[in-house]
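See structure below.
Protein chains get the first letters and strands the later ones, always in sequence-line order, with residue 1 at the start of each.
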Amino acid sequence: MTVRLRYAPSPTGHLHIGGARTALFNYLYARHCGGAFILRIEDTDIDRHVDAAAEEFAQNLRWLGIEWDEGVFQGGPHAPYSCMERLPIYARYVQELKDKGLAYECFCTEDELAEAANAQVQAGEMPHYSGRCRHLSESERDAFRAQGRTPTIRLRVPDAHTVTFTDLVRGPLSFDSRSTGGDYRIVKSNGIPVYNFAVVVDDHLMEITHVIRGEEHISNTPRQLYVYEAFGWEAPRFGHVSLILGENGKKLSKRDESIVQFIEQYKELGYLPQAIFNFLALLGWSPEGEQELLGHDELIQQFDLNRLSKSGAYFDAAKLSWMNAQYLRAHDLDDLAGLAKPYLMRCVETAPWTKADSWQRELVALYQDQLTCLSELPEAARAFLSVDVEWSSEARACLRTETGALVAGQFTEMLRQLSDPITPDSARELLKSLGQKTGTKGKDLYFPVRAIATGELHGKDLNRTLALLGHSLLYARAQAALAFVSESE
RNA sequence: GGCCCCAUGGUCAAGCGGUUAAGACACCUCCCUUUCACGGAGGGAACAGGGGUUCGAAUCCCCUUGGGGUCACCA
């Protein structure tokens, strides 16, 4: 039997890290087994439906490197792949259940239900449906209809019935129907089935063999199992993965702003999809060896269900940053320069020279080993991205010292006489003779030069920095530096 | 509150009856370097508590405590 897994999000917002991780685990296992991965959209909630959401999911999933064999925007033998296109299918199965006497119309109002639930809570019981509409006669139903009440449909859940399943990550789990809420609604009053019913029909029809999902679905499982039982279908294997926790130790809420949690945002921040792919795989799963930097194919090869973690995991943004930095450093420079281009082009107003691809490439090369994500580049390299620099107080102090002023003056003079463009090699020669002329070396020599060039005392390799800055910009800065030093004295 | 899940350093985690209790991130120290960063070498830091079972328990069982999930015409 071929293994078939799916990711079935609800199109109500953006793809977030929890969802991406669920998709990833399902994808990884499907690929590991040589099976199929399906993308299905559970859009039964028409009120919360967001139009562009499904498309955005698809784009972000692809960006991450997750491809699906069947599903929305792709097609396949079990099309259609979104609930709202499958309504007639559900209707058939609901009818089957009604015919078998396993589902019935319920005319209770929300108020009536709430009242009953309150009373049960008061009595210390689990709120459960009383079964009031279980045995309505045809005439009673007509009477309700005459009052203008539109029914919902409930599944008859056996009393005192225990369902058991072996969770792929947690082992045997069992639930008593007395604690799962009783007969529950499978069709809303608008005629659209409820998630817990639609997924079962879909998973069955699409021959899903394994369902890996978040721990918050554990309590949904018995309800879904009732549906499988009602139809006499074999249920897939379920695996409930631990939750990703926010800073407060609770399940990551989409409204939680303490961490960046949407894939779209990481994309904008200049994270590499490979790094996120790798990081997400390690959140709730661990490989056998000690290697943590694992690529797409390695992950597929190594992924297995036995090593999923049972306890929740805090999202460690610092580790993601570290991992992204690792991927950044290993990334092909030309490709990286292309990825960095959008960030650099934002600075083109203040620094027209950024337009040159070769210049960008050198700049990216200079900072490649320092960045955590690409969006940091403009700030890290700010001395390169505008004509004027902010002189740090350290830099000012340095230029006001006796040797600082001496070196600055000589350097400016050398710049004035210089006509050739500066290269890293010529910069080295230049500094060498500057040292000889001023009788300085080490920090006495390099700090003032760097201060003039960048406004800072610290930075990347000085020779390359000078070359990349270029002669005219350097000379302008040298003059500006000299001006403020003399005027403040 | 009912039902359910979980519990190893600050964080992610290995471990599945016998280990000096891995490794990674973060932190600290040192080295490298004109500086910053990178890199390299070190360091501090954990089995929630209490009972059992066993020759032996981080590993198995029970209780307590703590944390979490879920109780929708949301998924």
Side-chain angles (χ1 to χ4, degrees), chain A residues 8-13 19 42-45 47-48 83 106 108 110 113-114 117 120-128 150-154 167 169-170 173-176 178-181 184-196 198-199 213-223 240 242-243 245 249-251 279 282-293 306-307 309-323 325 329 366-371 380 394 431 435 440-447 449-451 454 456-463:
Chain A
S10 167
T12 55
E42 300 285 332
D43 54 355
T44 54
D45 187 344
D47 294 328
R48 291 204 303 157
C83 294
C106 170
C108 297
E110 285 310 286
L113 259 14
Q120 287 162 347
V121 170
Q122 294 290 325
E125 295 174 46
M126 162 81 186
H128 57 275
T150 43
T152 61
I153 294 171
R154 287 183 185 273
D167 193 280
V169 353
R170 282 153 222 281
L173 255 31
S174 69
F175 294 84
D176 189 298
R178 277 170 298 214
S179 65
T180 53
Y184 76 96
R185 284 201 256 239
I186 55 173
V187 179
K188 311 177 204 179
S189 59
N190 62 8
I192 298 172
V194 134
Y195 161 81
N196 275 318
V199 252
R213 52 171 29 166
E215 190 186 331
E216 73 267 30
H217 283 284
I218 289 183
S219 57
N220 277 146
T221 310
R223 292 178 160 206
H240 291 96
S242 59
L243 264 17
L245 275 19
K250 294 189 199 290
K251 180 174 89 161
F279 181 74
L282 262 34
L283 209 53
W285 177 82
S286 61
E288 212 166 314
E290 285 183 356
Q291 192 186 346
E292 291 199 292
L293 261 14
N306 311 329
R307 303 185 64 84
S309 150
K310 288 198 259 206
S311 47
Y314 284 81
F315 185 88
D316 187 353
K319 186 148 182 176
L320 205 212
S321 290
W322 167 80
M323 195 170 276
R329 282 189 298 131
L366 197 53
Y367 283 92
Q368 182 172 17
D369 67 1
Q370 188 188 114
L371 298 173
E394 282 183 319
L431 293 179
T440 56
K441 58 178 182 174
K443 290 180 183 177
D444 288 342
L445 168 63
Y446 295 108
F447 273 11
V449 172
R450 189 184 290 282
T454 66
E456 303 280 344
L457 256 29
H458 309 295
K460 305 304 289 187
D461 179 83
L462 189 53
N463 297 324

Point to revise | Closest-nucleotide ordering on RNA chain B, the 5'-leading residue of A:Y314 and A:C108 | key: A:Y314
Practice item. Assign each of A:F315 and A:D45 to its nearest nucleotide of RNA chain B by heavy atoms, then name whichever residue's nucleotide is nearer the 5' end. Key: A:F315
Counting any heavy atom closer than 4.0 Å, what does [X] reach on the DNA or RNA strands: base, sugar-phosphate only, or nothing?
| X | answer |
| --- | --- |
| A:R329 | sugar-phosphate |
| A:G249 | sugar-phosphate |
| A:L245 | nothing |
| A:G214 | nothing |
| A:N220 | base |
| A:D316 | base |
| A:T44 | sugar-phosphate |
| A:K460 | base |
| A:L282 | sugar-phosphate |
| A:R450 | base |
| A:E110 | base |

Under 4.0 Å between a side-chain N or O of [X] and OP1 or OP2 of [N]?
| X | N | result |
| --- | --- | --- |
| A:K310 | B:G15 | no |
| A:K251 | B:U70 | yes |
| A:R307 | B:C16 | no |
| A:S286 | B:A14 | yes |
| A:K188 | B:C74 | yes |

Minimum-distance nucleotide to [X] side chain [options: [options]]:
| X | options | answer |
| --- | --- | --- |
| A:V194 | B:C73, B:A13, B:U70 | B:C73 |
| A:S309 | B:A26, B:A13, B:C71 | B:A13 |
| A:H217 | B:C73, B:A37, B:A75 | B:A75 |
| A:E292 | B:G23, B:C74, B:G69 | B:G23 |
| A:R170 | B:C38, B:C74, B:C5 | B:C5 |
| A:T152 | B:C25, B:U34, B:C73 | B:C73 |
| A:S10 | B:A75, B:C12, B:C4 | B:A75 |
| A:F175 | B:C4, B:G39, B:C74 | B:C4 |
| A:K319 | B:A24, B:C38, B:C73 | B:A24 |
| A:W322 | B:G69, B:C74, B:C25 | B:C25 |

If the threshold is 4.0 Å, N to carboxylate O, is there a salt bridge linking [X] and [Y]?
| X | Y | value |
| --- | --- | --- |
| A:R170 | A:E215 | yes |
| A:E110 | A:R185 | yes |
| A:K310 | A:D167 | no |

Report the distance from atom [atom1] of [X] to atom [atom2] of [N], rounded to the nearest whole Å.
| X | N | atom1 | atom2 | result |
| --- | --- | --- | --- | --- |
| A:Q368 | B:A37 | CD | P | 18 Å |
| A:E288 | B:G23 | CD | P | 17 Å |
| A:I218 | B:U70 | CD1 | C1' | 10 Å |
| A:E290 | B:C25 | CD | P | 12 Å |
| A:E215 | B:G67 | CD | P | 16 Å |
| A:L243 | B:U70 | CG | C1' | 11 Å |
| A:E216 | B:C3 | CD | C1' | 17 Å |

Exercise for review: Give a yes or no answer on whether the side chain of A:E42 reaches the backbone of A:Y195 with a donor-acceptor pair at less than 3.5 Å.
Suggested key: no
Review point. Is there a donor and acceptor pair, one atom on the side chain of A:S189 and one on the base of B:C73, closer than 3.5 Å?
Key: yes
Exercise for review: Compare the ring of A:H240 with the six-membered ring in the base of B:G69 and state whether they stack (centres under 5.5 Å, planes under 30°).
Suggested key: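 Taking the rule of under 5.5 Å and under 30°, the ring of A:H240 does not stack on B:G69.
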Point to revise | Audit row: A:W285, A:V169, side chain to side chain contact (heavy atoms under 4.5 Å, CB included) steps and yes/no | key: CA-CA 11 Å; A:W285 177 82; A:V169 353; over 6 Å; no
Practice item. Determine the Euclidean distance between corresponding P atoms of B:A14 and B:U53; express it in Å to zero decimal places. Key: 30 Å
